[in-house]
There are 2 protein chains.
Amino acid sequence: MQSPEADQSHSRATLTLAVSRAGFRITDARRAIIDLILTRDGAFDSSDLIADARRRKLVVGRATIFRMLDVLADLGAIERIDLPNGAHSYVRCLGSRHHHHLVCTNCQRSSDVEDGGIADLVVAMAQSAGYVLEHHRLELFGICPSCQGRSRDK
Amino acid sequence: MQSPEADQSHSRATLTLAVSRAGFRITDARRAIIDLILTRDGAFDSSDLIADARRRKLVVGRATIFRMLDVLADLGAIERIDLPNGAHSYVRCLGSRHHHHLVCTNCQRSSDVEDGGIADLVVAMAQSAGYVLEHHRLELFGICPSCQGRSRDK
DNA sequence: CGTCAATTGAGACACAGTCTCGACAAGCGG
DNA sequence: CCGCTTGTCGAGACTGTGTCTCAATTGACG
């Protein structure tokens, strides 16, 4: 859209460029993993990707997937979240601004939500306890619009 | 919940009573684990407890510790949180009301903080995305007052 | 095209957490 | 106080996630 780097929209090209800009080589494995992630909808975990890769008969080691997940998390292209049951998963981040994730507990689909003033509130909360806030994590879990309709009979 | 002595302060007796009230037997292992947790200050994880138990030469199986952690989490006496690095840990909860935890990234000590209006904000955020919120998790990480003083020379 | 370091896949490894199972003991009724 | 019942126990096998090592490969750049 605007300036090239402000646009975080997730096309294979943009992501690949970001990886390359960050000083990483573009390899077959990395391209493949980016593809895998782009075709995922919602929260996924490492085993989802590993299964996807196997299904497509891609030869990608488990370790490579974990490594790539780290790289992308560092670049802010994905974020690691923790499901209510304690398992870890990842979600794609669409924008680079500070935001949070809303994950459907039924279908795992996720939406980004604006911080909406939480950040300030949270800093104030920490301050009143005498802490200097470094980092906060907010994760929302609920039922997404499309699962709401479907779950009446459940 | 019911009587005033359902006071949240964590004495061994109160906790033990809560466990018993919930229909669980009071065993040596459970008493020992409650003790271990009460002498912990701040966030701890299962391996901390296992190490503590070994140090005190208590004979408590790993599985028992995990089981007890689950029980206490169900009772709301402790809460499971996720550290920024992805590891899991637990913190004691002082009150039963909805609250969040503020964990010191340096010493792991933790404080409970009031929700302070976050809950409403969060429901609104979810609503505007069309989700019905079920659950949210907010974790704050920062430097606690006593570590702030000490970290000047670090 | 050649060099060289980054990256790879495979598999060993570390570790958290779960499960199973026979032994044991808490709590209760007698 | 004494047995019974059944929840709970500890040990260790097991599972699954994530990390590490290492020799072989390959991307990027000249």
Side-chain angles (χ1 to χ4, degrees), chain A residues 12-13 15-37 43-75 78-90, chain B residues 13 15-37 43-54 56-75 78-90:
Chain A
R12 188 172 324 160
L15 253 182
T16 307
L17 182 62
V19 170
S20 154
R21 281 246 183 89
F24 296 100
R25 290 190 183 162
I26 303 306
T27 64
D28 287 349
R30 291 196 166 139
R31 263 188 288 262
I33 295 170
I34 287 174
D35 260 22
L36 251 25
I37 290 174
F44 55 88
D45 65 23
S46 48
S47 61
D48 290 331
L49 294 187
I50 293 167
D52 286 358
R54 182 158 333 159
R55 203 170 303 129
R56 293 210 211 163
K57 307 205 187 320
L58 297 174
V59 183
V60 182
R62 270 165 21 88
T64 305
I65 289 179
F66 283 107
R67 285 186 283 238
M68 192 56 178
L69 248 13
D70 277 354
V71 167
L72 293 175
D74 279 354
L75 296 182
I78 60 180
E79 185 175 317
R80 203 175 162 151
I81 65 174
D82 295 279
L83 267 19
N85 64 22
H88 291 149
S89 46
Y90 296 85
Chain B
L15 252 182
T16 308
L17 183 62
V19 170
S20 157
R21 280 244 184 92
F24 296 101
R25 289 189 184 167
I26 303 306
T27 65
D28 286 349
R30 288 194 170 140
R31 262 188 289 263
I33 295 170
I34 287 175
D35 260 22
L36 251 24
I37 290 175
F44 55 88
D45 66 23
S46 48
S47 61
D48 290 330
L49 294 187
I50 293 166
D52 284 357
R54 182 157 331 159
R56 294 211 213 163
K57 307 205 187 315
L58 297 174
V59 184
V60 182
R62 268 160 28 86
T64 305
I65 289 179
F66 283 108
R67 285 187 282 239
M68 190 59 178
L69 249 11
D70 276 353
V71 168
L72 293 176
D74 280 355
L75 296 182
I78 59 178
E79 184 176 319
R80 199 174 164 154
I81 64 174
D82 296 280
L83 267 20
N85 64 22
H88 292 148
S89 44
Y90 297 86

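Small disclaimer: the values here were computed from a predicted structure and weren't measured. A note on names: the letters A, B, ... follow the listed sequences, proteins ahead of strands, and every chain is numbered from 1.
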Interface limits on DNA chain D, where chain B has a heavy atom under 4.0 Å of a nucleotide atom: D:dT6 to D:dG12
Under-4.0 Å side-chain N/O to phosphate OP1/OP2 contact, B:His88 with C:dA16: no
Side chain to side chain contact (heavy atoms under 4.5 Å, CB included) involving A:Ala73 - partner list, sequence neighbours excluded: A:Ile78
Validation row: A:Val19, A:Met68 side chains within 4.5 angstrom (heavy atoms): yes
Spacing of A:Asp48 atom CG and A:Ile37 atom CD1 [to the nearest 0.5 Å]: 11.0 Å
Any residue of residues 65-74 of chain B with a heavy atom less than 4.0 Å from an atom of DNA chain C: B:Phe66, B:Arg67
A:Thr27: side chain to side chain contact (heavy atoms under 4.5 Å, CB included) partners, not counting sequence neighbours: A:Arg25, A:Ala29, A:Arg30
Distance-minimising heavy-atom pair for A:Ser89 and A:Leu83: OG-CD1, 3.3 Å
From B:Glu79 atom CD to B:Leu72 atom CG, the distance as rounded to the nearest 0.5 Å: 13.0 Å
Close side-chain approach of B:His88 and B:Asp45, heavy atoms under 4.5 Å: no
Residues that A:Arg54 engages under side-chain hydrogen bond (donor to acceptor under 3.5 Å, both in side chains), provided they are two or more places apart: none
With sequence neighbours excluded, residues passing side chain to side chain contact (heavy atoms under 4.5 Å, CB included) with B:Ala22: B:Phe24, B:Leu75
Within residues 46-63 of chain A, residues whose heavy atoms come under 4.0 Å of DNA chain D: A:Ser46, A:Ser47, A:Arg62, A:Ala63
Listed partners of B:Ser46 passing side chain to side chain contact (heavy atoms under 4.5 Å, CB included), at least two apart: B:Phe66, B:Leu69
Flag side-chain contact, heavy atom, 4.5 Å: A:Asp52 against A:Phe44: no
Neighbours of DNA chain C within residues 25-36 of chain B, by heavy-atom distance under 4.0 Å: B:Arg25, B:Ile26
Sidechain-backbone polar pair: A:Ser20 side chain, A:Thr16 backbone, donor-acceptor under 3.5 Å: no
Atom pair CD1 (A:Ile50) and CD1 (A:Ile65), whose distance is rounded to the nearest 0.5 Å: 5.0 Å
For A:Asp74, salt bridge (charged side-chain N to carboxylate O under 4.0 Å, His left out) partners two or more places apart: none
Determine all donor-acceptor pairs shorter than 3.5 Å in which one atom belongs to a side chain in residues 56-64 of chain B; sequence neighbours excluded.
| residue | atom | partner | partner atom | Å |
| --- | --- | --- | --- | --- |
| B:Arg56 | NH2 | B:Thr39 | OG1 | 3.2 |
| B:Thr64 | OG1 | B:Arg67 | NH2 | 3.4 |

Inter-axis angle, terminal five-pair segments of the helix from C:dC1-D:dG30 to C:dG30-D:dC1 [nearest 10°]: 40°
